[in-house]
Amino acid sequence: MTSCKTANGKELLFVSGKAVFDGVSPIRGGIPLIFPKFGDGWGSDTVPKSLPGHGFARRSKWSFDVINDKPCFVLTNKDLSVEYAEAYPHQFKLVFEVTLSADGFSTAMYITNNGETAMNFQALFHTYYNIEAIEPVFVTGLKGTSFINKLPSANWVPVDDREKLTITEETDAIYMDIKAPSITLGGISSTSPSANVNINYSTSDNVKHVVVWNPWVDKSIRMGDFGDEEFHKMICIEPGHVLGYKSLAAGETWKMDQQITYQA
Ligand code: BG6
């Protein structure tokens, strides 16, 4: 998913001007779907290191389907390249569903284990939000949550006591054991100071972690598919299950969701 405009024309998602749309590279922006591993994964034998960073879902070709009268995008193990199917030898089905509303959208990902043994994975909506400028932006809803600061080297912060999280440097943090069902992104519009984006998700055996990411100056320069100054225009808020892994028994389906609402 690379774009969603509200009824009054506000684009909610960011896509880099240098994003590559070649069908195999991950798209730098929108909502890359992360499965079955986040980053380099959790390092067990279950999902081999040979899978690319953030997994194969964002590098594979999904098909369009209509399920229960809803338009959906589907990826199964049969759609994978031989290399990916061998590296992750599970029978699975991913269904990505988008529901539009006048002031936003919601996404759901249903992950089904069609195999006969348990299937382990990590999964995440790597949502890139479109903002006018990073300086005034603040994130609320994470106060009281512990996080792992991935920079400069995995520091564990027992509790984030900030009412408002602002971005003033490279930021790459995994918030753990999320209990609050929503996060708010404020300061996103210069003409409408109270405008915000509300991000809701289910926390019961569903979204357990939220990643907050902005590459800032140096990393932006290092990324070939991202403009040097584009970090001013985006912030990623990424709900999912990325620490340890989710284990799904044979025949089970697990759902991950997010509801995005723009309030002018
Ligand atoms: C975030 C990670 O989710 O994605 C960051 O926490 C990473 O560490 C970022 O840099 C972008 O990843 P990629 O693979 O799309 O460059």
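Counting convention: from 1, in listed order, for ligands and their atoms alike.
- The closest side-chain donor-acceptor pair between Thr184 and Asn198 falls under 3.5 angstrom.
- Distances below 4.0 Å separate heavy atoms of Arg28 from the following atoms of ligand 1: 11 (C), 13 (P), 15 (O), 16 (O).
- The list of salt bridge (Lys or Arg N to Asp or Glu O under 4.0 Å) pairs with a residue in residues 166-177, not counting sequence neighbours, reads Lys150-Asp172, Asp177-Lys208.
- Between the side chain of Trp254 and the backbone N or O of Asp205, at least one donor-acceptor pair lies under 3.5 Å.
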Going by atom type alone, with no hydrogens or angles, which donor-acceptor pairs under 3.5 Å involve a side-chain atom of residues 9-35 and a protein atom two or more places apart or on another chain?
{"from": "Glu11", "atom 1": "OE1", "to": "Ser3", "atom 2": "OG", "distance (Å)": "2.6"}
{"from": "Glu11", "atom 1": "OE2", "to": "Cys4", "atom 2": "N", "distance (Å)": "2.9"}
{"from": "Glu11", "atom 1": "OE2", "to": "Leu13", "atom 2": "N", "distance (Å)": "2.9"}
{"from": "Ser16", "atom 1": "OG", "to": "Lys18", "atom 2": "N", "distance (Å)": "2.9"}
{"from": "Ser16", "atom 1": "OG", "to": "Asp225", "atom 2": "O", "distance (Å)": "3.1"}
{"from": "Ser16", "atom 1": "OG", "to": "Glu230", "atom 2": "OE1", "distance (Å)": "2.6"}
{"from": "Asp22", "atom 1": "OD1", "to": "Val24", "atom 2": "N", "distance (Å)": "3.0"}
{"from": "Asp22", "atom 1": "OD1", "to": "Ser25", "atom 2": "N", "distance (Å)": "2.7"}
{"from": "Asp22", "atom 1": "OD1", "to": "Ser25", "atom 2": "OG", "distance (Å)": "3.1"}
{"from": "Asp22", "atom 1": "OD2", "to": "Ser25", "atom 2": "OG", "distance (Å)": "2.8"}
{"from": "Arg28", "atom 1": "NE", "to": "Asp225", "atom 2": "OD1", "distance (Å)": "3.0"}
{"from": "Arg28", "atom 1": "NE", "to": "Asp225", "atom 2": "OD2", "distance (Å)": "3.4"}
{"from": "Arg28", "atom 1": "NH1", "to": "Tyr128", "atom 2": "OH", "distance (Å)": "3.0"}
{"from": "Arg28", "atom 1": "NH2", "to": "Asp225", "atom 2": "OD1", "distance (Å)": "3.3"}

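- The protein non-hydrogen atom at the shortest distance from atom 9 (C) of ligand 1 is Trp213 CE2, 3.5 Å.
- The protein non-hydrogen atom at the shortest distance from atom 12 (O) of ligand 1 is His54 NE2, 3.4 Å.
- Of all protein heavy atoms, the one closest to atom 2 (C) of ligand 1 is Lys150 NZ, 3.5 Å.
- The two atoms that bring Val242 and Gln122 nearest to each other are O-NE2, 2.8 Å, heavy atoms only.
- When the heavy-atom distances from atom 15 (O) of ligand 1 to Met223, Arg58, Lys219 are ranked, the shortest goes to Arg58.
- Heavy-atom proximity to atom 5 (C) of ligand 1, evaluated over Asp172, Ile34, Ile27, Ile148, is greatest for Asp172.
- Atoms of ligand 1 lying under 4.0 Å from at least one heavy atom of Glu238, given by number and element, are 1 (C), 3 (O).
- Checked options His241, Lys93, Met119, Glu252; the residue passing with Ile111 is Met119 (criterion: side chain to side chain contact (heavy atoms under 4.5 Å, CB included)).
- Less than 4.0 angstrom separates some heavy atom of His126 from each of these atoms of ligand 1: 1 (C), 3 (O), 4 (O), 9 (C), 11 (C).
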